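Heads up: the structure comes next, in structure tokens.
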Amino acid sequence: MRLNETVSLAASGAMSLSMTHPSDCNVYLVDCGKESVLIDAGTGLAEKDVIREIEKDLKNTLSHILVTHHHADHTGGLSVIKEYFHARVVAPEKERRSIEEADESANGLDIARNAGYYPADYKWKGCRTDLSVVPGERFRISEEEILVCDGAGHSPGGVCYYFLGKKMIFVGDLLMHGGKVNLQNIPGADIRRYAESVIALENLEVEQFYSGHGCFSLHCGKEHIEKAAQAFKSLGVPPNFL
């Protein structure tokens, strides 16, 4: 589903538009010029549907999959999509090992599955990563320069990807539309780190705001960051998404 001339929505679960499997996150396809990148990969429970959606809007080569964090709804489909498109996987350095080893205790899948967020028989597939990134790092894919921002708090080492030229940010599950957070009782969740990550994002000029679940904003995206940051700076906690 094309959202604008640059970004398409390739997957979305029950917490958003219900395009693919109910447990899927929002998966975004971004046209970078001569190449495209995917932001996250869904659970892998509807991989054929996700691949079909990607191919509908793909104009060039899908060269990279950028992972925001290691939770299974964002990484379960990595291995199949990587192999199908011969794409390189870019992952947060602090969560690279759990992605490659499919460590269900580290990413909290065992807890989430017992809570009913995934089918009882769901198994997470690990995936080899090709490049690990850390907050503050910049890299270029085709015509786009991308800044890696700290996204820790929802998970221990998640990141956000800010596309400087388009002033658009992909925040994974760190922030949701309306300035809500996604703070859960899961391994690696940390309210202090959450506040630090969100407040730091205020320094960016954000027009387009793309979250891992729920709605997204094609204009005035910074207001969602500012709402959450203001709550943290007032010694409070923003409203929770769940």
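This one's a predicted model, so the numbers in the text were calculated from it and none came from an experiment.
Checked against the 6.0 Å centroid criterion, the rings of Y161 and F170 do not qualify as a close aromatic pair. Annotation: H74 is in aromatic contact with H213 [ring centroid separation under 6.0 Å].
The closest side-chain heavy-atom distance from Y194 to I199 is not below 4.5 Å. L175 has its side chain out of reach of S197: every pair of non-hydrogen atoms, C-beta onward, lies at least 4.5 Å apart. No side-chain heavy atom of D173 sits under 4.5 Å from any side-chain heavy atom of S211. Using a 4.5 Å heavy-atom cutoff, the side chains of K227 and K180 are not in contact. Residues L78 and W124 form no side-chain contact, since every pair of their non-hydrogen atoms from C-beta on lies 4.5 Å or further apart. Annotation: side chain of D190 is not in contact with side chain of P156 (no heavy-atom distance under 4.5 Å). Annotation: side chain of V206 is not in contact with side chain of M168 (no heavy-atom distance under 4.5 Å).
Once rounded to the nearest 0.5 Å, the distance linking CD of E144 with CD of E35 reads 11.0 Å. Between atom CZ of residue R97 and atom CG of residue D103 there is a gap of 5.0 Å, rounded to the nearest 0.5 Å.
With 3.5 Å as the limit, one finds a donor-acceptor pair spanning the side chains of D24 and T43. For the residue pair E83/S79, the side-chain donor-acceptor check at 3.5 Å is not satisfied. N182 and N240 share no donor-acceptor pair across their side chains, judged by distance under 3.5 Å alone. Under 3.5 Å, the side chains of S155 and E95 contain a donor-acceptor pair of N or O atoms. Using a 3.5 Å distance cut-off with no hydrogens or angles, the side chains of T68 and D40 do pair a donor with an acceptor. Inspection of the S23 and D73 side chains reveals no N or O donor paired with an N or O acceptor under 3.5 Å. Remark: the S132 side chain and the E93 side chain contain an N/O donor-acceptor pair separated by less than 3.5 Å.
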Could you go step by step and tell me if N107 and S98 meet the side-chain hydrogen bond (donor to acceptor under 3.5 Å, both in side chains) rule? CA-CA 7 Å; N107 84 338; S98 64; over 6 Å; no

For the pair E202 and K233, evaluate side chain to side chain contact (heavy atoms under 4.5 Å, CB included) and give the outcome as yes or no after the intermediate values. CA-CA 12 Å; E202 272 198 301; K233 289 191 289 188; 2.8 Å; yes

Dump the intermediate steps for salt bridge (charged side-chain N to carboxylate O under 4.0 Å, His left out) on E55 and R52, then the final yes or no. CA-CA 5 Å; E55 290 184 322; R52 183 174 61 249; over 6 Å; no

Verdict with reasoning, I99 to T129, per side chain to side chain contact (heavy atoms under 4.5 Å, CB included): CA-CA 8 Å; I99 293 170; T129 63; 4.1 Å; yes

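Between Y28 and F216, the angle of the ring planes goes over 60°, which puts this pair in the perpendicular group of the 30/60° scheme. Ring pair Y118/Y122 is parallel by interplanar angle, where below 30° counts as parallel and above 60° as perpendicular. Between H224 and F209, the two ring planes are tilted [angle within 30° to 60°].
The residues E100 and R96 are annotated as salt-bridged, a charged nitrogen and a carboxylate oxygen being separated by less than 4.0 angstrom. Electrostatic pairing of D57 and K59 does not count as a salt bridge here, judged by no charged N lying under 4.0 Å from a carboxylate O. Remark: K222 engages E205 in a salt bridge, criterion side-chain N to carboxylate O under 4.0 Å. The existence of a salt bridge linking E207 and K166 is excluded, since no basic side-chain nitrogen approaches an acidic carboxylate oxygen closer than 4.0 Å. The existence of a salt bridge linking R113 and E104 is confirmed by a sub-4.0 Å separation between a basic side-chain nitrogen and an acidic carboxylate oxygen. Electrostatic pairing of R193 and E196 counts as a salt bridge here, judged by a charged N lying under 4.0 Å from a carboxylate O.
Using modelled atom types, one side-chain atom of S142 and one backbone atom of K34 make a donor-acceptor pair closer than 3.5 Å. Counting only distance, with no hydrogens or angles, the side chain of S16 and the backbone of G214 share a donor-acceptor pair below 3.5 Å. Counting only distance, with no hydrogens or angles, the side chain of T75 and the backbone of H70 share a donor-acceptor pair below 3.5 Å.
L62 and V80 fall within a single hydrophobic cluster, where Ile, Leu, Val, Met, Phe, Trp and Tyr side chains are chained together by heavy-atom contacts under 4.5 Å. In the hydrophobic cluster analysis, where Ile, Leu, Val, Met, Phe, Trp and Tyr join through side-chain heavy atoms closer than 4.5 angstrom, Y84 is grouped together with I54. The hydrophobic cluster containing Y162 does not contain L66, counting ILVMFWY residues as joined when their side-chain heavy atoms lie under 4.5 angstrom apart, directly or transitively. Transitive grouping of hydrophobic side chains (ILVMFWY, heavy atoms separated by less than 4.5 Å) brings V90 and V37 into a common cluster.
In this structure, N185 places its CG atom where only 12 or fewer heavy-atom neighbours from other residues, nucleotides or ligands lie under 6.0 Å away. The 12-atom threshold is not exceeded at OH of Y117, counting heavy atoms of other residues, nucleotides or ligands nearer than 6.0 Å. Under a cut-off of 6.0 angstrom, the local environment of NZ in K94 is sparse, with at most 12 non-hydrogen atoms contributed by other residues, nucleotides or ligands. Remark: K82 NZ is packed, more than 12 non-hydrogen atoms of other residues, nucleotides or ligands lying under 6.0 Å away.
Considering L164, I146, V133 in turn, L164 is the only one that fulfils the side chain to side chain contact (heavy atoms under 4.5 Å, CB included) rule with R138.
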